[in-house]
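Structure record follows, encoded as structure tokens.
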Amino acid sequence: MKRNFFYASMVMLCLSCNQHDQTNDSEKVYGSRPAVVTDRPDMQNKIKGPLAYAPNVPEASQEDTVEVKFDVTHQLFQVSKTVSFTAWMFGGSVPGPVLKVRQGQTIRFSMTDRSNDTMKNMAMLVNMMPMPHSIDFHAAMVNPEDKYRSINPGETIQFTWTANYPGVFMYHCGTPMVLMHMIYGMIGMVIVEPRSGYPGKADHEFAIVQNEYYFRQQGNAYIPDTTLALKKTPSFVTFNGKVGQYLFDPLKVKAGERVRLYLLNAGPNNATAFHVIGTILDKVWLDGNPKNELVGMQSVYLGPASGAIVEFVIPEKGSYTFVDHSFADATMGAIGTIKAE
Amino acid sequence: MKRNFFYASMVMLCLSCNQHDQTNDSEKVYGSRPAVVTDRPDMQNKIKGPLAYAPNVPEASQEDTVEVKFDVTHQLFQVSKTVSFTAWMFGGSVPGPVLKVRQGQTIRFSMTDRSNDTMKNMAMLVNMMPMPHSIDFHAAMVNPEDKYRSINPGETIQFTWTANYPGVFMYHCGTPMVLMHMIYGMIGMVIVEPRSGYPGKADHEFAIVQNEYYFRQQGNAYIPDTTLALKKTPSFVTFNGKVGQYLFDPLKVKAGERVRLYLLNAGPNNATAFHVIGTILDKVWLDGNPKNELVGMQSVYLGPASGAIVEFVIPEKGSYTFVDHSFADATMGAIGTIKAE
Amino acid sequence: MKRNFFYASMVMLCLSCNQHDQTNDSEKVYGSRPAVVTDRPDMQNKIKGPLAYAPNVPEASQEDTVEVKFDVTHQLFQVSKTVSFTAWMFGGSVPGPVLKVRQGQTIRFSMTDRSNDTMKNMAMLVNMMPMPHSIDFHAAMVNPEDKYRSINPGETIQFTWTANYPGVFMYHCGTPMVLMHMIYGMIGMVIVEPRSGYPGKADHEFAIVQNEYYFRQQGNAYIPDTTLALKKTPSFVTFNGKVGQYLFDPLKVKAGERVRLYLLNAGPNNATAFHVIGTILDKVWLDGNPKNELVGMQSVYLGPASGAIVEFVIPEKGSYTFVDHSFADATMGAIGTIKAE
């Protein structure tokens, strides 16, 4: 393995102050020590850190440094009652777990490639072959050649990064061919809270990751198909990995309450026109940064690899359907319900 | 019919004031009395309220409450000289009539499903079967389960809603399958003026709704095709429902004048890259809200179910073509001319 | 040739001042003298003005008026090691040369249609037939009917325009069918610096034009295919005209440096989700106007005919890949590397 040189700089930026800007943006950390790759999988801790499975939103730690670990596995994943496939997953789920940290916090991240762990993979249909994987955090500012390198089955990678900007960011596998790794399910969300927390208060918070699946059928098996992905013609589009799951199991709130959604469009190809039927997005923070505010929006159009925080009030008791209003996508599964008692 | 409970709240929001924000945003009305559905069509008033057919922009009423009515019919609609189809229409047109109200105004809306009215439908080719329809106003904050419910042919629905946010919003039929109802023509625009009117003054105002048609041919008949719509591959893309209509019948202005366009991308699937050849959009208000301002734009990229107000100056005498600069769309019909004397 | 009437107005706009707005935006020039078309090609000056080939960024002149000339030719163009086609080009390149001017500057532009110049075109495979061409500057405010008119092979068009708005703008051939002329390569970038220059200072500046190619193969020849372009299904997507060129010949910077990119999505059809792996876009100016600022973005989603300026810091030594994160596009060629020593 080649040697990497340590490079880290802490830069004091003197930003022009204005009275509306209370965020302390003056400290940024660029780069970090070289990643360390070992062949010792950490069997004790398969998952660790301020993580939760969407739509749940984890609590950020208050420490300066936070330990985070999740692993890669190949397992059967259920997209709908009738469709399952052998997914490649971060933290055993599609999307991978939501990670929530604070601006300025340093993340000590480690991940084991357990794609060679076949014990629990008896049910897999195809594509169970172990292979290299990696992780690319859009919230980090580090040398991808070093930190986002591919590791082999059984290996563990460890590296640190510091969250310089608040927002809702994507993570994904960056091993070639990247498009294939993403349509196999290797996507997830990082939320970076501003130093002083997000302004305002919501009664409920949910995390929603939108992604596209591209499948061909082979007998009963569904197999992610890169050729279809290159044509950008998905088979299914989902919120949090499963077709229409919140139609059957709605998000629950009360009339009059304020709801905050952490949105990520993981793509890998198409935009989403996110809309909640029956209400208006009174705040939209593009890529989850409160400085990028739009107000009074009927929808927000997010390209692939884009995030947003949206807030809205539930006006009265009822059933509020949220969709990708690029309506073919809603029809292909990007649809869910918020039930207000 | 199940009973609905009345829930309405008026919330005083204390917004952080700043010197650039003169808009009084402090009152919002959430929800409204349950919708009422009757089987008595109102034969006297088929259309009522501050409505106009695009590109015309109606005047908003100054009253606190405004009565609005338009109906659903199934009628032949001409998309171009050679293409017509049996459309499902609000107010007898594709797009439906433009409604203009004021922020804070309460709209008493009613609509009759006249899809069973076959008297004037002799010319229809196919798809004349009466069916349930509904309406979903993106400008409203109400329970969709109640107000946006489907009504049967011959029935009339009545409900009220209050315009909380200024902007350019979509309305459309929300009856499953929604994608099909939209490609049959059930789309339209609501303009909500800020309480104190839109800032600035334009010499001309026009309303432009962009939409996609998805047709298969059956003999001489064109039939909207949901399978094509699911593939997002339109047959035609139009401004105000007809292929290239403003090439033949240009919008008329004078050199040096300021033009304001109320834009709505009704989709149902694709974005528009709206551009006016020969000038620059000096103001763009995303979703029609002056707080969401961009300046000096060569184009504005609007996802489906997004609106905008754009303003520009006509620099000199001439002929200014406006297009969706996703140029395949312009080639498929999303092209028109502004003629400046 | 019909006579054109001279119309030019200089309008003093009294903008509402606020303390954050130091830009002097008070003078705009609308329209210009009629274009002049002659049949005398200027054989001495084939290219003239503050021009550079991307990724290079030219220096703007400080004069009130600047002479600019480049011509149209039909020549073989290499898209990748194995793919070449007979391109229609501005200034002998795809994209055409980057033009950089200052806000308020008047451009005296001339262009000769040399598509009939067959001397150096021996290597061309197909589509070498001379034909009319034109140029449409998105940065200009002039009558397109006059200035953007098509000229015949051997003719020269001359017209002036004034840069009213700062930004990153597209130019392209506007001769019908426009979509065809664009996929043959007739696209390019104009940068208009604000009167007082762009705020801040970057260590490196690069110009990146993204475009789509739509080819069918005919023997060994690649031929732009309008039918494919109408379906929006590109064969290749590139930065500065060549598939993955900066993978082989990276942009070179140093760790810790600030990089500014002038981005243009020339389309002609699809959006780009521009992203730099390993860093965060700390400033994004939509259409290149500093008033349209977003901060802390993981990506910027630009429709066709949209520009942006993005800035970011290179956190440490390494290799930073930039992509269209609509990942099918990256896979089709919209990928490059920034190498940081």
Greatest number of heavy atom pairs closer than 4.5 Å to chain C - which of [options]:
| options | value |
| --- | --- |
| Val284(B), Thr279(B), Thr272(B), Val295(B) | Val295(B) |
| Ser319(B), Ser299(B), Ala273(B), Ala271(B) | Ser319(B) |
| Gly296(B), Ala340(B), Ala330(B) | Gly296(B) |

_Worked check of side-chain hydrogen bond (donor to acceptor under 3.5 Å, both in side chains) between Tyr214(B) and Asn269(B)_ = CA-CA 11 Å; Tyr214(B) 299 85; Asn269(B) 283 321; 3.1 Å; yes
*Only counting residues at least two apart or in another chain, list the ones meeting salt bridge (charged side-chain N to carboxylate O under 4.0 Å, His left out) with Arg260(B).*
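Salt bridge (charged side-chain N to carboxylate O under 4.0 Å, His left out) check on Arg260(B) returns Glu205(B), Glu311(B).
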_Side-chain (Asn265(C)) to main-chain (Leu302(C)) donor-acceptor, under 3.5 angstrom_ =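 Yes, the answer is positive, given that a donor and an acceptor are paired below the 3.5 Å cut-off.
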Return yes if a side-chain donor-acceptor contact under 3.5 Å exists between [X] and [Y], otherwise no.
| X | Y | result |
| --- | --- | --- |
| Glu257(B) | His204(B) | yes |
| His133(C) | His181(C) | yes |
| Asp287(C) | Tyr165(C) | no |

With respect to chain B, which residue among [options] yields the maximal number of heavy-atom pairs within a distance under 4.5 Å?
| options | result |
| --- | --- |
| Gly267(C), Ala140(C), Gly167(C) | Ala140(C) |
| Gly307(C), Ala305(C), Gly174(C) | Ala305(C) |
| Ser306(C), Gly303(C), Pro144(C) | Pro144(C) |

*asked:* So for Tyr148(C), is it side chain, backbone, both, or neither that comes closer than 4.5 Å to the heavy atoms of chain B?
replied: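 Interface part for Tyr148(C): side chain.
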_Segment of Met170(C) engaging chain B (4.5 angstrom heavy-atom cut-off)_ =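 Both backbone and side chain.
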*Tell me, for Tyr301(B) versus chain C, whether the close heavy atoms (under 4.5 Å) come from the side chain, the backbone, both or neither.*
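When you check distances to chain C, only side chain atoms of Tyr301(B) fall under 4.5 Å.
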*Which atoms of His325(B) come close to chain C, meaning under 4.5 Å heavy atom to heavy atom: side chain ones, backbone ones, both, or neither?*
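Both parts, backbone and side chain.
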*Would you mind telling me which of Asp249(B), Ile277(B), Leu247(B) makes a side-chain contact (heavy atoms from CB on, under 4.5 Å) with Thr337(B)?*
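Answer after filtering Asp249(B), Ile277(B), Leu247(B): Leu247(B).
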*Ring centre gap for Phe206(B) and Tyr262(B) strictly below 6.0 Å*: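 Ring centroids of Phe206(B) and Tyr262(B) are no less than 6.0 Å from each other.
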*Verify the ring-centre separation between Trp161(C) and Phe137(C): is it less than 6.0 angstrom?*
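Yes - the distance between ring centres of Phe137(C) and Trp161(C) falls below the 6.0 Å cut-off.
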*Looking only at heavy atoms, which of residues 225-239 of chain B get nearer than 4.5 Å to chain C?*
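Listed by number: none.
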*Please work out whether the ring planes of Trp285(C) and Tyr198(C) are parallel, tilted or perpendicular, with thresholds of 30° and 60°.*
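Trp285(C) and Tyr198(C): parallel rings.
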*Can Glu193(B) and Arg102(B) be counted as an ion pair, charged N to O under 4.0 angstrom?*
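The answer is yes: the pair qualifies as a salt bridge.
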